[in-house]
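What follows is one structure encoded as structure tokens, with my remarks underneath.
Positions are given from 1, in the same order as the sequence printed here. Scope of the values below: all heavy atoms of this structure, side chains included, with no hydrogens, waters or symmetry mates.
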Amino acid sequence: MAGNSQRRNRRTSNKKGAQVGSGGKRRRSLEGKGPTPPASARKGHVKNRVANAKAKQAAGRGPAPRRGGAKGTAELVVGRNPVVEALREGVPATTLYVQQFIDNDERVREALQLANELGLHLMEAPRPELDRMTNGLNHQGLVAQIPPYEYAHPEDLAAAAFDDGEDPLIVALDGVTDPRNLGAVVRSVSAFGGHGVVVPERRAAGMTAGAWKTSAGTAARTPVARATNLTRALEAYQKAGMTVVGLAADGEVELQDLQVLDGPVVIVVGSEGKGLSRLVGETCDVRVRIPMPGGAESLNAGVAAGVVLWEAARRRG
């Protein structure tokens, strides 16, 4: 009976402080940990890396190293017209393979002249070797080799903008598989002062020769980043203080009413047929629609991105 009375007293006691058997842990667990530090002081945050980079520059140690992203795969441009067009548009080829005893014509002469001007390696090869390289494609005696594209890391795009004292303006592509659309978006980002493009690693267009050609050379100065998981990349941007804006035909806000384009923002463009994927659409802070009085159902990715980037550039003034 005495033991039962002591147990009841322990349960009903209102005395503050450590209870029997708690070791004082319960009370300590209620103690606050102080105010949340600013983003620039939180380890691993984009703004923290920017602050560290600036501190190192001030100390004379130079800029912080970039993490970098994945590399693409090497590519071959095959055929007389495709090779000449690629070299005209500044596609970064490294080597031009020319078939031995090739029938010389105007396209061959122009390809050789451009290769010399661009400083490409010229390699003469027998036809069977070019057949083997191209898996039997109709190469017409000319093959240009494009090295793997070096993708940036998604966080590098925002960090570079913050480092320059600017609000990031980034375009992310969700399910866009046509390299020409990617090239058009890169060209628009460059034209309207954006800081780069993000593409998913899978089921998406990459920086192929076709994308380079459509970008009209702007891919040389506008970084493209590849994200292993686009949703997580967008969430990381949100944690860095950026607003994620998705373009959707049924968006709740019209473009002219969107109030965030003059700040740090990521514009997400989906495919022309399917639009934004479910997870990406749910991740967006706001979905915006472009008014189209002409009645068109949708715009392709390059045109849609260009419209929103123009509006963003206008507001940033």
Side-chain angles (χ1 to χ4, degrees), residues 46 49-50 66-72 148-164 166-208 211-212 214-215 218-248 260-261 263-272 274-277 279-288 300-302 304-306 308-309 312:
V46 171
R49 291 199 298 275
V50 172
R66 295 290 188 190
R67 291 176 58 185
K71 284 190 176 183
Y149 181 81
E150 294 188 14
Y151 292 93
H153 190 280
E155 293 181 2
D156 289 343
L157 306 184
F162 284 130
D163 200 21
D164 291 337
E166 300 176 355
D167 287 327
L169 176 59
I170 297 169
V171 174
L173 301 182
D174 178 28
V176 174
T177 56
D178 189 340
R180 293 170 297 181
N181 270 333
L182 171 57
V185 170
V186 170
R187 188 173 184 177
S188 293
V189 168
S190 177
F192 295 113
H195 298 96
V197 180
V198 180
V199 297
E201 191 171 294
R202 298 181 180 180
R203 296 184 292 276
M207 283 305 299
T208 62
W212 271 97
T214 311
S215 77
T218 59
R221 57 181 182 271
T222 302
V224 176
R226 179 175 274 181
T228 304
N229 184 297
L230 183 59
T231 301
R232 286 202 292 267
L234 296 177
E235 290 172 345
Y237 282 142
Q238 288 170 325
K239 291 177 182 178
M242 302 174 66
T243 302
V244 177
V245 176
L247 300 189
V260 298
L261 290 177
V265 67
V266 182
I267 301 164
V268 189
V269 184
S271 64
E272 184 175 352
K274 299 180 180 179
L276 300 175
S277 62
L279 286 177
V280 168
E282 292 173 354
T283 303
C284 294
D285 296 300
V286 60
R287 297 190 312 154
V288 64
N300 68 35
V308 182
L309 286 165

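- A distance of 5.0 Å separates OH of Tyr149 from CE of Met207, quoted to the nearest 0.5 Å.
- Shortest non-hydrogen contact noted between Ser215 and Val186 is CB-CG1, 4.2 Å.
- Across every non-hydrogen atom of Leu182 and Ala205, the tightest pair is CD2-O, 3.7 Å.
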### Message
side chain to side chain contact (heavy atoms under 4.5 Å, CB included), that's the test. Do Val189 and Leu169 meet it? Break it down for me.
### Response
CA-CA 8 Å; Val189 168; Leu169 176 59; over 6 Å; no
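- For Arg287, the salt bridge (charged side-chain N to carboxylate O under 4.0 Å, His left out) test picks out Asp250, Glu252, with sequence neighbours left out.
- Val176 is linked by a side chain to side chain contact (heavy atoms under 4.5 Å, CB included) to Leu173, Asn181, Ala301, counting only residues two or more places apart in sequence or in another chain.
- One finds the CG atom of Leu247 at 7.0 Å from the CG atom of Leu276 (value rounded to the nearest 0.5 Å).
- Here the closest heavy-atom approach between residue Gly306 and residue Ser188 is recorded as CA-OG, 3.9 Å.
- Under the side chain to side chain donor-acceptor pair (under 3.5 Å) criterion, Asp167 pairs with no residue, sequence neighbours left out.
- Taking 4.5 Å as the limit, every side-chain heavy atom of Thr177 sits out of range of all side-chain heavy atoms of Ser271.
- Taking the side chain as every heavy atom from C-beta outward, Leu230 and Leu279 never approach each other to under 4.5 Å.
- Between Ala225 and Leu157, the shortest heavy-atom contact is CB-CD1, 4.0 Å.
- With sequence neighbours excluded, no residue forms a side chain to side chain donor-acceptor pair (under 3.5 Å) with Thr283.
- Partner Val268 forms a side-chain contact (heavy atoms from CB on, under 4.5 Å) with one of Leu234, Val171, Val245, Ile170 and no other, that one being Leu234.
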### Message
Checking Tyr237 against Val198 for the side chain to side chain contact (heavy atoms under 4.5 Å, CB included) test, could you report, in this order, the C-alpha distance in whole Å, the side-chain angles of both residues, the deciding distance, and whether it holds?
### Response
CA-CA 12 Å; Tyr237 282 142; Val198 180; 3.5 Å; yes
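- With hydrogens and angles disregarded, no donor-acceptor distance shorter than 3.5 Å links the side chain of Ser190 to the backbone of Arg187.
- For the side chain to side chain donor-acceptor pair (under 3.5 Å) test, residues two or more places apart in sequence or in another chain that qualify with Glu166 are His195.
- With sequence neighbours excluded, the residues that form a side chain to side chain donor-acceptor pair (under 3.5 Å) with Asp285 are Gln238.
- Between Glu201 and Thr228, the shortest heavy-atom distance links the atoms OE1-OG1, 3.6 Å.
- Contact between Pro168 and Met242 at its shortest, heavy atoms only, is CB-CE, 3.5 Å.
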